[in-house]
Number of protein chains: 2
Amino acid sequence: MKSTRETNNINPTVSVDCVVFGFDGSDLKVLLVQRDLRDNLDIDDDTLVLPGDLIFEDEDILDAASRVLLDLTGIDNLFLEQIGAFGNLDRLSKDKDKIWLDLVRPTPDSRVITIGYFALVNIKNYTIKPAGFAKHVIWKDFNEVGELGFDHNVILSEAIIKLRNKLYHEPVGFKLLPKQFPLNHLYTLYNTILNSTLDRRNFLRRILKTGFLKETDNFQEGVPHKPARLFTFVEKKFTSNNNQKFKFY
Amino acid sequence: MKSTRETNNINPTVSVDCVVFGFDGSDLKVLLVQRDLRDNLDIDDDTLVLPGDLIFEDEDILDAASRVLLDLTGIDNLFLEQIGAFGNLDRLSKDKDKIWLDLVRPTPDSRVITIGYFALVNIKNYTIKPAGFAKHVIWKDFNEVGELGFDHNVILSEAIIKLRNKLYHEPVGFKLLPKQFPLNHLYTLYNTILNSTLDRRNFLRRILKTGFLKETDNFQEGVPHKPARLFTFVEKKFTSNNNQKFKFY
DNA sequence: TATCAAAGTGTATTTTTTACACTAAGTTTG
DNA sequence: CAAACTTAGTGTAAAAAATACACTTTGATA
């Protein structure tokens, strides 16, 4: 996989954009970049966008998404899943978007279709390095995301829908947590993302019954109360189609 | 929406392909076309493919999918939903695919990313007319679909997964049936598509409890047994996200 | 040593699911 | 024209799951 940008054999009509979700213990976060120029062009544009890039001609689209995130975060092998293609004719037509495109794209008026991906990471594992194309990279509180560039709010909406559905049907919450975690962290995670207040007793019972959790001999440290036992996620054969009746929570 | 093919301003790098499902009362069907040439070129290629086409530069991708189906079936305003983007580098590289591309595409070696859509239709409503680009159009039994051209088997797999999930969570089975239908048809539909044998009593109870069905005063005619009451689908406010707990069946 | 805060467990009630059995009503057959 | 057949349509007991609370435990801190 290429990790540096080339000027030749770029496909100017197809890009990828990534929605990377993280969880800091109490809030859902999204990774955003301040779109900016490789060569310090002097325009006044602090618009935030999803990390993304045009793809290379000889690059699979999933690889392109991986490359973007590798450049951005130094993380390889991220859990990445496609959200879908976004190809509205007006998706690049805000004034500020056009100014930016004029400055950085060889063919700024080209119609570009983008393919959205989403990823879940344990926020503490990665120190985000604003390398490559983005000057500033930030974890933004999901509820405080304002207007993004291009059609990125649309992509983000699709992503959160997908995340919520997944949380409900697949063992995926773990990806947002450290290897070992107390059950209460998982509980807050569900409540935060699903925007609900589940009954704690019943949540614990059900999540344990799925068999995806294994208790360890470790406990929380440095907490001003009874330390909770830490659990790990158990990789089981899980195929979402397999059992339509399966509800993760 | 344009309904005729033009030779100029085609986007040679992005196409759409449509998976159209139908149900004939006992089997799930897929609409396939025998890829062939607008101008009767004389090659020996009876490969079946999903109906699809390159998009126009000034055309939304969803519109492109609509256009393909309008050309093919004369149906406008079809329920269409995106499956996703398919962009593997080798997706057009089978021998027969290359020969065909050489014959019909202005830039046959161009890397093409395709966006898959899926649709559900009541098979009896539409007489398929092999107009436009396809010489033969057929309803193929889903279980008897062999090797398709390009990466279309992959797209079809994604489509069936999506259909099965939808059937389970959303009131979508109706789209495959006539306006009025006996409950047993819905029951067979579920069993066929989900590849299961649900308990009939329990199925009926549950499907009625959803509130999406309204009984009519009409009954089956011309059946050699007690005629069943016909039901219709009730459009209700349904938002799949709204209630994660909702299970359609 | 008492208090606080969150961990962790118990359980009665209601609701849903499951499994199976039966009756009803048209058509066809002998 | 009655019996047989086929699918329509309904009843229900038992098991399982979801829900709504309440309570006990345990370590830290005051």
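Every chain is numbered from 1, with letters handed out A, B, ... down the list of sequences.
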Taking only side-chain N and O atoms of A/Asn184, does any of them lie within less than 4.0 angstrom of OP1 or OP2 on C/dA6? no
Spacing between B/Leu204 atom CG and C/dC20 atom C1', to the nearest angstrom: 15 Å
Just the rounded figure in Å: distance from P of D/dG9 to OH of B/Tyr187. 14 Å
In chain order, what residues pass the ring pair (Phe, Tyr, Trp, His ring centres under 6.0 Å) check against A/Tyr187, with sequence neighbours excluded? A/Phe203
Using whole Å, report how far CZ of A/Phe231 lies from P of C/dA7. 12 Å
Would you find a donor on one side and an acceptor on the other, under 3.5 Å apart, between the side chain of A/Asn191 and the backbone of A/Leu198? yes
When the side chains of residues 16-33 of chain A are checked against the rest of the protein, which donor-acceptor pairs come out under 3.5 Å, sequence neighbours left out?
| unit_1 | atom_1 | unit_2 | atom_2 | d |
| --- | --- | --- | --- | --- |
| A/Asp17 | OD1 | A/His152 | NE2 | 3.4 |
| A/Asp17 | OD2 | A/Thr114 | OG1 | 2.6 |
| A/Asp17 | OD2 | A/His152 | NE2 | 3.3 |
| A/Asp24 | OD1 | A/Ser26 | N | 2.9 |
| A/Asp24 | OD1 | A/Asp27 | N | 2.6 |

Nucleic acid footprint by protein, nucleotides 20-30 of chain D - heavy-atom cut-off 4.0 Å, B for base, S for sugar-phosphate alone: BB---BBBSS-
Quickly work out the B/Phe219 CZ to C/dA25 P distance and round it to whole Å. 11 Å
Rounded to whole Å, CD of B/Glu221 lies from C1' of C/dG26 at a distance of 13 Å
Just the rounded figure in Å: distance from P of C/dT16 to CD1 of B/Ile207. 16 Å
Would you mind writing out the side-chain donor-acceptor pairs for residues 174-184 of chain B within the sub-3.5 Å range, not counting sequence neighbours?
| unit_1 | atom_1 | unit_2 | atom_2 | d |
| --- | --- | --- | --- | --- |
| B/Gln180 | OE1 | B/Asn218 | ND2 | 2.7 |
| B/Asn184 | OD1 | B/Arg200 | NE | 3.2 |

Regarding the side chain of B/Ala228, the nearest nucleotide among C/dT17, D/dA8, D/dT10 is D/dA8
Contacts of A/Arg201 meeting side chain to side chain contact (heavy atoms under 4.5 Å, CB included) (sequence neighbours excluded), chain-then-number -> A/Asp199, A/Arg205
Could you state the atom-to-atom distance from CZ of A/Phe203 to C1' of C/dT9 in whole Å? 16 Å
Kindly list each side-chain donor-acceptor pair under 3.5 angstrom involving residues 220-227 of chain A, sequence neighbours excluded, with atom names and distances?
| unit_1 | atom_1 | unit_2 | atom_2 | d |
| --- | --- | --- | --- | --- |
| A/Gln220 | OE1 | A/Ala228 | N | 3.0 |

Spacing between A/Leu186 atom CG and C/dA7 atom C1', to the nearest angstrom: 15 Å
When you check the phosphate oxygens OP1 and OP2 of D/dG9, does a side-chain N or O of B/Arg229 lie under 4.0 Å from one of them? no
Electrostatic pair B/Asp53:B/Arg67 at N-O distance under 4.0 angstrom: yes
Establish, with yes or no, whether the OP1 or OP2 oxygen of C/dT9 is under 4.0 angstrom from a side-chain nitrogen or oxygen of A/Arg200. no
